[in-house]
Amino acid sequence: MSQVRVRFAPSPTGFFHIGSARTALFNWLYARHTGGTFILRIEDTDKERNSEEFLNVIYGSLNWLGMNWDEGPKIGGAFGPYRQSERGHIYAEYLEKLKAAGRTYEKDGAIWFKLLGDRHEVFDEHRKKTVTKVKVAASVIDDQIRGRVERVEDEDFVIVRSDGNPVFHFVNVVDDIAMQITHVIRGADHLPNTSKHVELFKAFGVPMPTFAHIPLILKENGPGKMSKRDQGALIEEYQKRGFLPEALMNFLCLLGWNPGDDREKMPIVDVIRLFDLPGVNQSDARFDAKKLAHMNMTYLLELPAEGFVARAKEFFQKQPTGAAALADENYFREVMLLAQPKIKGFEELPAYTGYFFTEDFSIDAKVREKVMGKGEPKVRLAELIELIKTADLSSDAGIEEALKTLAASKGLGFGDYQSVARLAVSGTNVGPSITGMFRVLGRERVLARLGRLVAG
RNA sequence: GUCCCCAUCGUCUAGCCCGGUUAGGACACCACCCUUUCACGGUGGGCACCGGGGUUCGAAUCCCCGUGGGGACGCCA
């Protein structure tokens with residue numbers, strides 16, 4: 001049995017797209033599942049649109065998501081180079097084979113691939129021009145996901161541009177042959193191209209790889225496939241927003257594939273064990289930001305405390321308010337642990353914990369109006385101040401006990417103190433437990449804030 | 001317009017291949033419970049087999065036709 005060799009072949013012409021990430025993922029999963037080789041090949045034949053910046057985005061995103069390649073740029077391999085811009089000599093060699101076989105001709109300075117069959121001219125209404133059709137048998141694609149697909153490729157096509165640069169269809173097939181690719185796993189948008197590729201494989205007289213065209217990811221709202229301009233389309237964005245890569249990966253796995261039972265959250269090693277091409281769905285999947293957010297939350301919730309703090313620190317280091325938040329490492333840690341069970345993603349952290357790190361936090365006007373307009377808030381605050389002055393703030397349980405005792409002594413409930421205390425120390429009515437906030441903020445900050453609200 | 005692909009709750013999907021299920025799960029939504037806020041969690045609820053024809057005792061499941069959605073029709077990839 002031959003070793004599986006798959007490739008992910010992005011072109012560095014734009015930011016790394018979520019659809020590309022999933023194509024990479026399915027290739028990577030298949031390689032890992034079969035013990036095969038995952039190859040990264042850069043398709044940079046379009047000199048106009050390539051950029052080094054985008055190349056680094058590809059490397060960075062794959063690394064962030066944890067998809068390591070076995071052969072490719074930076075690490076090399078037996079079939080290199082892995083950037084098409086460096087493989088000119090190989091394409092020249094293969095072009096000679098096609099020329100020798102009489103399968104090419106020149107027209108308008110470009111080199112065309114010649115199909116075999118009777119020719120006739122036809123006016124194409126859609127393209128508003130006369131084209132030469134060739135009578136050929138349908139190309140048969142035996143697809144691991146779609147089954148047998150037939151398509152008639154009935155027009156010659158350019159394989160080398162007039163500027164001498166080879167075209168995608170040609171280099172893609174040549175490299176798949178030269179790199180001994182066994183399985184071509186790519187987006188379904190390539191299905192109509194595949195007949196061209198089939199004809200090229202046949203012209204080279206080599207066996208065809210196995211094809212697997214995976215469904216596309218559709219826009220969350222509106223028609224069409226996810227495009228680079230859509231909200232949530234770029235991998236870099238998730239990285240910036242502090243999503244956990246393992247959560248994104250898990251979510252991506254489930255877009256078009258499932259383990260066959262009701263499991264959704266599952267470690268990648270389980271996905272690797274269960275993943276197979278025939279298990280991939282045929283229909284396109286719509287992107288769902290809320291489901292991703294939920295997945296991220298479930299991963300966040302089960303992160304060990306130190307892991308959560310470490311990742312939160314990484315996240316804050318990239319935020320404008322990061323320096324202030326990280327000034328006291330131990331304090332930062334305590335605040336983060338208060339927030340961990342409450343948030344869906346790191347991106348909520350700056351707003352959710354901001355008041356811990358500055359005395360200059362904003363007070364929600366509506367909440368203030370509501371809380372201060374009811375009962376005797378200033379009396380409650382004064383009582384709280386007296387309590388906090390001497391209370392033991394070292395444990396949540398102790399603080400809770402003290403608060404309850406105070407409330408009971410005045411014939412009131414915990415809630416009568418909570419809302420006003422919350423407003424004073426955080427400026428809002430949502431957040432971690434009030435006892436946790438008191439404990440972490442400490443006597444000095446709490447007293448100052450309670451006092452300010454009384455005065456204000 | 002031509003060609004190709006697809007079609008189960010609003011969304012991701014199980015079931016389809018090998019016809020017989022109260023059509024299952026998850027996200028979202030609603031209600032209730034838990035609760036010192038907000039979340040988490042728990043319980044319950046509403047929500048789907050695109051339409052029409054076949055085949056069959058019986059169709060989400062097999063076939064055909066519609067319709068709808070998606071993709072491709074570049075000297076882009």
Side-chain angles (χ1 to χ4, degrees), chain A residues 9-14 20 43-46 48-50 84 107-112 122 124-127 131 138 141 143 145-147 149-155 157-169 171-172 186-196 213 215-216 218 220 223-225 251 254-265 278 281-295 297-298 301 339-344 348 352 367 371 400 403-404 407 413-419 421-423 426 428-435 437:
Chain A
S11 64
T13 55
S20 302
E43 307 222 326
D44 53 353
T45 56
D46 184 352
E48 300 290 303
R49 300 198 298 154
N50 289 322
Q84 290 185 329
K107 193 175 93 182
D108 304 330
I111 299 173
W112 294 66
V122 157
D124 186 307
E125 292 289 348
H126 185 244
R127 284 179 288 175
V131 296
I141 302 150
D143 195 285
I145 294 169
R146 318 222 158 226
V149 177
E150 288 187 20
R151 185 168 182 279
V152 179
E153 188 61 47
D154 61 357
E155 282 178 40
F157 51 91
V158 171
I159 53 176
V160 180
R161 298 183 183 89
S162 50
D163 66 3
N165 286 307
V167 167
F168 162 72
H169 301 298
V171 294
N172 189 268
R186 60 178 25 159
D189 49 346
H190 280 295
L191 199 47
N193 288 331
T194 307
S195 48
K196 285 187 177 68
H213 287 91
L216 301 179
L218 268 27
E220 183 158 31
K225 63 173 175 174
F251 171 77
L254 264 18
L255 235 41
W257 176 87
N258 68 79
D261 54 35
D262 288 341
R263 269 185 304 169
E264 293 203 332
K265 179 172 185 297
N281 292 131
Q282 303 184 352
S283 50
D284 295 338
R286 204 167 286 280
F287 179 73
D288 185 346
K290 283 197 172 141
K291 188 135 188 174
L292 203 207
H294 180 263
M295 183 64 79
M297 182 199 71
T298 64
L301 243 25
Q340 180 176 10
K342 303 287 200 167
I343 59 164
K344 272 191 156 65
E348 294 175 19
Y352 195 79
V367 176
V371 172
E400 183 176 343
L403 281 171
K404 281 187 171 160
F414 195 111
D416 294 305
Y417 291 89
Q418 196 218 176
S419 54
R422 191 173 283 286
L423 177 68
S426 71
T428 179
N429 60 349
V430 302
S433 70
I434 191 68
T435 54
M437 289 165 83

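Here is how names work: the chains are called A, B, and so on, in the same order as the sequence lines, proteins then strands, and each is numbered from 1. Everything numeric here is computed off the predicted structure, so don't read it as measured data.
Base pairing of B:rG68: its partner is B:rC6, meeting the Watson-Crick or G-U wobble criterion (both donor-acceptor distances under 3.5 Å). Base pairing analysis places B:rC40 opposite nothing; no Watson-Crick or G-U wobble pair with both distances below 3.5 Å involves it.
Contact annotation: A:Asn281 side-chain N/O to B:rU13 OP1/OP2 distance is under 4.0 Å. Note on A:His126: every side-chain N or O is 4.0 Å or more away from OP1 and OP2 of B:rG1. Phosphate proximity of B:rU37 to A:Lys342: absent, as no side-chain N or O sits under 4.0 Å from OP1 or OP2. Residue A:Thr45 places at least one side-chain N or O under 4.0 Å from the OP1 or OP2 atom of B:rA77. Between A:Arg127 and B:rG74, a side-chain N or O to OP1/OP2 separation shorter than 4.0 Å is present. Residue A:Asn258 has a polar side-chain atom (N or O) positioned under 4.0 Å from OP1 or OP2 of B:rA14. Residue A:Gln282 places at least one side-chain N or O under 4.0 Å from the OP1 or OP2 atom of B:rC6. Between A:Arg161 and the phosphate of B:rA77, there is a side-chain N or O to OP1/OP2 separation shorter than 4.0 Å.
Counting only heavy atoms from C-beta on, A:His294 has its side chain closest to B:rA28 among B:rC4, B:rC38, B:rA28. With B:rC73, B:rA77, B:rC75 as the choices, the nucleotide that has an atom nearest any side-chain atom of A:His190 turns out to be B:rA77. Residue A:Val149 has its side chain nearest to B:rC4 when only B:rA77, B:rG41, B:rC4 are considered. Picking from B:rG70, B:rU13, B:rA26 the nucleotide with the shortest atom distance to the side chain of A:Pro223 gives B:rG70. Among the nucleotides B:rC75, B:rG41, B:rU37, the one closest to the side chain of A:Val167 is B:rC75. Listed candidates were B:rU13, B:rC75, B:rC27. Nearest to the side chain of A:Lys291 is B:rC27. Between B:rC27, B:rG70, B:rC75, one nucleotide has an atom nearer to the side chain of A:Leu216 than all others, and that is B:rG70.
Across all non-hydrogen atoms, the minimal contact from A:Thr45 to A:Asn165 is O-CB, 4.4 Å. Taking each heavy atom of A:Arg146 and A:Ala188 in turn, the nearest pair found is NH2-CB, 3.7 Å.
Among the heavy atoms of the strands lying under 4.0 Å from A:Gly224 are primed sugar atoms or P, OP1, OP2 only; no base atom is included. Contact annotation for A:Gly431: base contact, defined as any heavy-atom pair under 4.0 Å involving a base atom. Residue-level contact check: A:Glu150 touches the backbone only, with heavy atoms under 4.0 Å from sugar-phosphate atoms and none from bases. Nucleic acid contact for A:Arg146: sugar-phosphate only, since backbone atoms but no base atoms lie under 4.0 Å from a heavy atom of the residue. Contacts of A:Ala285 with the nucleic acid, taken as non-hydrogen atoms under 4.0 Å apart, involve only primed sugar atoms and P, OP1 or OP2. Heavy atoms of A:Asn193 sit under 4.0 angstrom from at least one base atom. At a threshold of 4.0 angstrom between heavy atoms, the contacts of A:Arg263 with the nucleic acid are absent.
Annotation: cation-pi pair A:Lys342/A:Tyr352 absent, no NZ/CZ under 6.0 Å from the ring centroid and within 45° of its normal.
Nearest-nucleotide mapping onto RNA chain B: of A:Arg151 and A:Gly256, the residue sitting toward the 5' end is A:Arg151.
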